[in-house]
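Single-structure report; data block below.
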There are 2 protein chains.
Amino acid sequence: MVKQRFRATSYDVAEAAGVSQSTVSRALSGDPIVAAATRERIVEAARRLNYHIDSSASRMRSGRLNTIAVVVICPEDEDVRAFNPFHYALLGGICAAASARGMETIVSFQGAPDRLDDHFERSRRAIGMIVFGTSENRAAWDYFQASADDGCHVVCWGAPAPAHELPWVRADNHGGARAAVEHLLDHGYRRIVYVGEADCPQRQFAERYDAYAETLAAAGLMPRIMTLEPGHSRHEQGRRAAAALIDSGEPFDGLFTACDDIALGAMALLEERGLNVPGDVGVVGFDGVKAGQFSVPPLTTIEPDFAVAGQRLVDRLQALVDGEENTQGRVPVRLVVRGSALGRVATPA
Amino acid sequence: MVKQRFRATSYDVAEAAGVSQSTVSRALSGDPIVAAATRERIVEAARRLNYHIDSSASRMRSGRLNTIAVVVICPEDEDVRAFNPFHYALLGGICAAASARGMETIVSFQGAPDRLDDHFERSRRAIGMIVFGTSENRAAWDYFQASADDGCHVVCWGAPAPAHELPWVRADNHGGARAAVEHLLDHGYRRIVYVGEADCPQRQFAERYDAYAETLAAAGLMPRIMTLEPGHSRHEQGRRAAAALIDSGEPFDGLFTACDDIALGAMALLEERGLNVPGDVGVVGFDGVKAGQFSVPPLTTIEPDFAVAGQRLVDRLQALVDGEENTQGRVPVRLVVRGSALGRVATPA
DNA sequence: CTGAAAGCGCTTACAG
DNA sequence: CTGAAAGCGCTTACAG
């Protein structure tokens with residue numbers, strides 16, 4: 001049995017410091033009205049007694065909460081191994097931003113339909129939820145859309161589908177996609193194909209496609225899209241799209257993909273089929289996932305600023321709770337130049 | 001301004017159901033003594049009023065907590081982009097396991113020395129902490145060791161250094177390393193080098209080395225270690241170690257690395273220097289990170305069961321809090337055969 | 001600037 | 001099986 005250690009209360013500190021309990025509470029909550037000398041005695045007594053404010057009591061009495069619920073939507077099988085690492089980087093950014101604002105984060109990974117849970121706010125455990133994750137788990141997104149409709153405070157990353165009207169924060173998909181396509185153009189690629197869904201319900205992907213098409217048009221070139229086969233991992237979808245592209249017989253020399261995992265799959269297949277990247281085909285992805293550093297060649301990509309993404313999401317949620325103006329947020333991106341689009345050395349495939 | 005919605009209390013439910021407040025509390029907390037008919041009326045009234053137990057009040061009164069603090073130790077600069085994805089998979093496993101046991105997880109990423117924080121338990125926000133992350137942030141590990149010495153309940157993954165005496169859960173490093181080396185031997189590799197620290201303070205790495213040496217010895221072969229240069233990323237350390245190995249002039253045809261990131265760096269350099277993997281050199285890593293699926297060739301590795309790892313950590317913490325026997329935990333691993341060690345087709349380099 | 005007192009919303013002995 | 005009552009440890013008007 002572990003020894004039940006003595007836990008000091010504010011009354012113990014009050015007695016040790018020779019003041020009343022209310023003064024202890026004021027001093028330790030930083031109320032400036034407390035005399036400096038009094039505060040010092042109290043702080044010292046608290047330190048000696050290893051006293052820390054009981055957060056449940058404080059929350060109950062004040063009604064104030066400093067906790068955000070972060071919901072990571074995973075695949076229905078909840079297998080985290082196959083999970084897009086992009087989401088993890090985002091999670092890190094959110095936790096860091098919350099912490100910098102003195103807030104705590106309750107994190108839950110939710111995937112299985114029968115285990116979805118939005119009771120954080122109703123049970124007063126959090127002021128609201130930040131939701132993000134795979135756009136493929138539609139049941140989960142529908143569930144949290146219903147939570148929001150029901151009065152919960154919900155902010156999401158990305159906005160997975162047109163039917164969803166959650167307040168959102170997104171990457172600067174337009175600027176990122178334009179930078180990606182311009183990078184390909186600047187390095188001599190001309191027959192640049194977009195690999196991703198057509199009419200994509202994921203708005204972030206749709207935005208990337210639109211900017212791709214615009215940028216090509218501005219250069220006097222025709223857009224071309226190679227769509228994905230549903231029901232496969234992003235990596236496998238990239239492989240299949242690249243294979244379909246080769247088999248189509250129509251020449252191409254550049255790929256801009258909806259996300260990095262698709263790009264990595266496509267690159268692997270191109271190499272297998274004897275096409276050199278970047279010599280025959282230039283490839284640029286989107287997301288800045290770490291795996292792109294280790295591919296051969298390393299993947300040129302568009303990387304959102306994850307720290308800013310976390311800040312925007314936390315601030316957006318706080319604003320929503322405070323009833324402030326509905327400002328959406330765009331997160332800046334940067335082009336990360338690695339080896340996969342450094343220039344053609346051969347004729348298009 | 002957001003409309004301040006009415007929030008029902010147990011008194012409102014009591015009135016609606018025509019019972020006393022104590023009976024509401026009993027019914028909703030699942031006390032079996034409540035009559036079935038009474039319970040039904042109460043549950044229905046609670047549903048109608050959208051009532052949920054206030055978790056702060058419940059915790060304060062009962063003194064019971066169902067929250068675990070999860071501390072992810074990151075590099076001091078808190079840059080999550082470069083963070084080993086292995087840790088993220090572990091985080092997912094922990095959150096899933098806690099959730100399956102009806103517990104919540106407060107997650108914090110901690111790196112900067114001036115922002116380390118272990119007050120979860122003293123402020124009654126959590127029953128204890130699960131700590132894991134980069135072994136390189138010694139200040140952070142020392143800090144949480146001090147927390148444990150100070151009476152906090154702390155369980156860690158891995159145990160970064162001999163000076164640390166935290167209760168731990170670890171992978172079956174011995175079994176994993178043996179499987180890795182046997183896989184290399186089975187595919188014809190004979191001059192197998194371990195790439196990692198010698199006398200490594202990280203016990204997990206030390207265990208991997210020991211099993212490597214034992215397995216080679218059992219096959220009548222000599223161990224050889226190529227150590228890492230401190231102050232670089234794991235990937236860069238792998239590159240440099242592979243370069244040093246080639247430059248040493250001593251032939252080798254297999255690498256077993258302390259972790260996947262090192263293996264990926266080493267593979268990249270081998271290819272750059274014109275050595276084929278797996279034709280000239282077989283490579284096996286440890287961790288099962290997703291990036292290994294996308295490398296060329298894909299990386300054969302030892303993958304711990306992240307779901308089991310999460311369960312063991314949560315259970316270990318609960319046992320520690322309950323004062324139960326100090327059982328450490330080993331997490332099973334499996335050999336993931338991909339392309340990087342499929343057999344030699346040439347003479348050793 | 002400090003103290004006495006009320007009360008946040010529950011859980012849980014105790015009584016019946 | 002149910003109810004009346006105490007009290008968890010704070011914060012915060014109110015009084016001085």
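A, B, ... follow the sequence lines: proteins, then strands. Residue 1 opens every chain.
- Of the charged side-chain nitrogens involved, none lies within less than 4.0 Å of a carboxylate oxygen, so that Arg47(B) and Glu40(B) do not count as a salt-bridged pair.
- For Ala36(B) and Ala57(B), each mapped to the nucleotide of DNA chain D holding its nearest heavy atom, the one lying further toward the 5' end belongs to Ala36(B).
- Using bins of under 30°, 30° to 60° and over 60° for the plane-to-plane angle, the ring pair Tyr88(A)/Phe109(A) lands in the tilted bin.
- Shown here, dA13(D) forms no base pair; nothing in the strands shown gives a Watson-Crick or G-U wobble contact with both key distances under 3.5 Å.
- Ranked by how close their nearest DNA chain D nucleotide is to the 5' end, Ala35(B) and Ser29(A) are led by Ala35(B).
- Counting only heavy atoms from C-beta on, Gln21(B) has its side chain closest to dC10(C) among dC10(C), dC8(D), dT11(D).
- Between the CD1 atom of Ile53(A) and the C1' atom of dT11(D) there is a distance of 10 Å, rounded to whole Å.
- Checked against dT2(C), dG9(D), dC10(C), the side chain of Val34(A) finds its nearest nucleotide in dT2(C).
- When rounded to the nearest whole Å, the span between CZ of Arg122(A) and P of dC10(C) equals 15 Å.
- Nearest nucleotide to the side chain of Arg26(B), out of dG3(C), dG9(C), dA4(D): dA4(D).
- In terms of polar N and O atoms assigned as donor or acceptor, the side chain of Arg59(A) never comes within less than 3.5 Å of the base of dG9(C) in a complementary pairing.
- Remark: Tyr51(A) is in phosphate contact with dC10(D), judged by side-chain N or O atoms under 4.0 Å from OP1 or OP2.
- When the shell of 6.0 Å around CD of Glu44(A) is examined, it contains more than 12 heavy atoms from other residues, nucleotides or ligands.
- Rounded to whole Å, atom P of dC10(C) lies 17 Å from atom CG of Leu65(B).
- In this structure, CG of Asp31(B) is placed 13 Å from C1' of dA13(C), rounded to the nearest angstrom.
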Side-chain donor-acceptor pairs under 3.5 Å in residues 66-73 of chain B, sequence neighbours left out?
{"unit_1": "Asn66(B)", "atom_1": "OD1", "unit_2": "Arg59(B)", "atom_2": "NH2", "d": "3.3"}
{"unit_1": "Asn66(B)", "atom_1": "ND2", "unit_2": "Gly102(B)", "atom_2": "O", "d": "3.3"}
{"unit_1": "Thr67(B)", "atom_1": "OG1", "unit_2": "Arg59(B)", "atom_2": "NH2", "d": "3.1"}

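- Checking dT2(D), dC8(C), dT11(C) against every side-chain atom of Arg61(A), the shortest atom distance belongs to dC8(C).
- Take the nearest nucleotide of DNA chain C for Thr23(B) and for Met60(B): the residue whose nucleotide is more 5' is Met60(B).
- Under the 3.5 Å distance criterion, the side-chain polar atoms of Arg170(A) are left unmatched by any main-chain donor or acceptor of Arg330(A).
- In this structure, dA4(C) forms no base pair with any nucleotide, since neither Watson-Crick nor G-U wobble geometry is met with both distances under 3.5 Å.
- Within the 4.0 Å cut-off from OP1 or OP2 of dT12(C), at least one side-chain nitrogen or oxygen of Arg64(B) is found.
- Distances shorter than 4.0 Å separate none of the side-chain N or O atoms of Ser22(B) from OP1 or OP2 on dG3(D).
- A donor-acceptor pair under 3.5 Å is formed between the side chain of Asn137(A) and the backbone N or O of Gly111(A).
- At the heavy-atom level, Ser25(B) lies under 4.0 Å from base atoms of the strands shown.
- In this structure, Ile33(B) atom CD1 and dT2(D) atom P are separated by 9 Å, rounded to whole Å.
- Counting any heavy atom pair closer than 4.0 Å across all strands shown, Arg39(A) reaches no nucleic acid atom.
- A residue-by-residue look at Tyr11(A) and Arg41(A) shows that Arg41(A) has its nearest nucleotide of DNA chain C further toward the 5' end.
- Among the protein residues, Thr38(B) comes within range of the sugar-phosphate backbone only, with heavy atoms under 4.0 Å from sugar or phosphate atoms but none that close to a base.
- Remark: P of dT2(D) and CG of Leu28(B) are 13 Å apart, rounded to the nearest angstrom.
- Donor-acceptor pairing under 3.5 Å, judged by distance alone, is absent between the side chain of Arg7(B) and the base of dG9(C).
- The distance between atom CG of Asp54(A) and atom P of dG9(D), rounded to the nearest whole Å, is 7 Å.
- The nearest whole Å value for the distance from the CD atom in Glu40(A) to the C1' atom in dC1(C) is 16 Å.
- A close approach under 4.0 Å does occur between a side-chain nitrogen or oxygen of Ser20(B) and OP1 or OP2 of dG3(D).
- Counting non-hydrogen atoms of other residues, nucleotides and ligands closer than 6.0 Å to CD of Glu15(B) gives a total of 12 or fewer.
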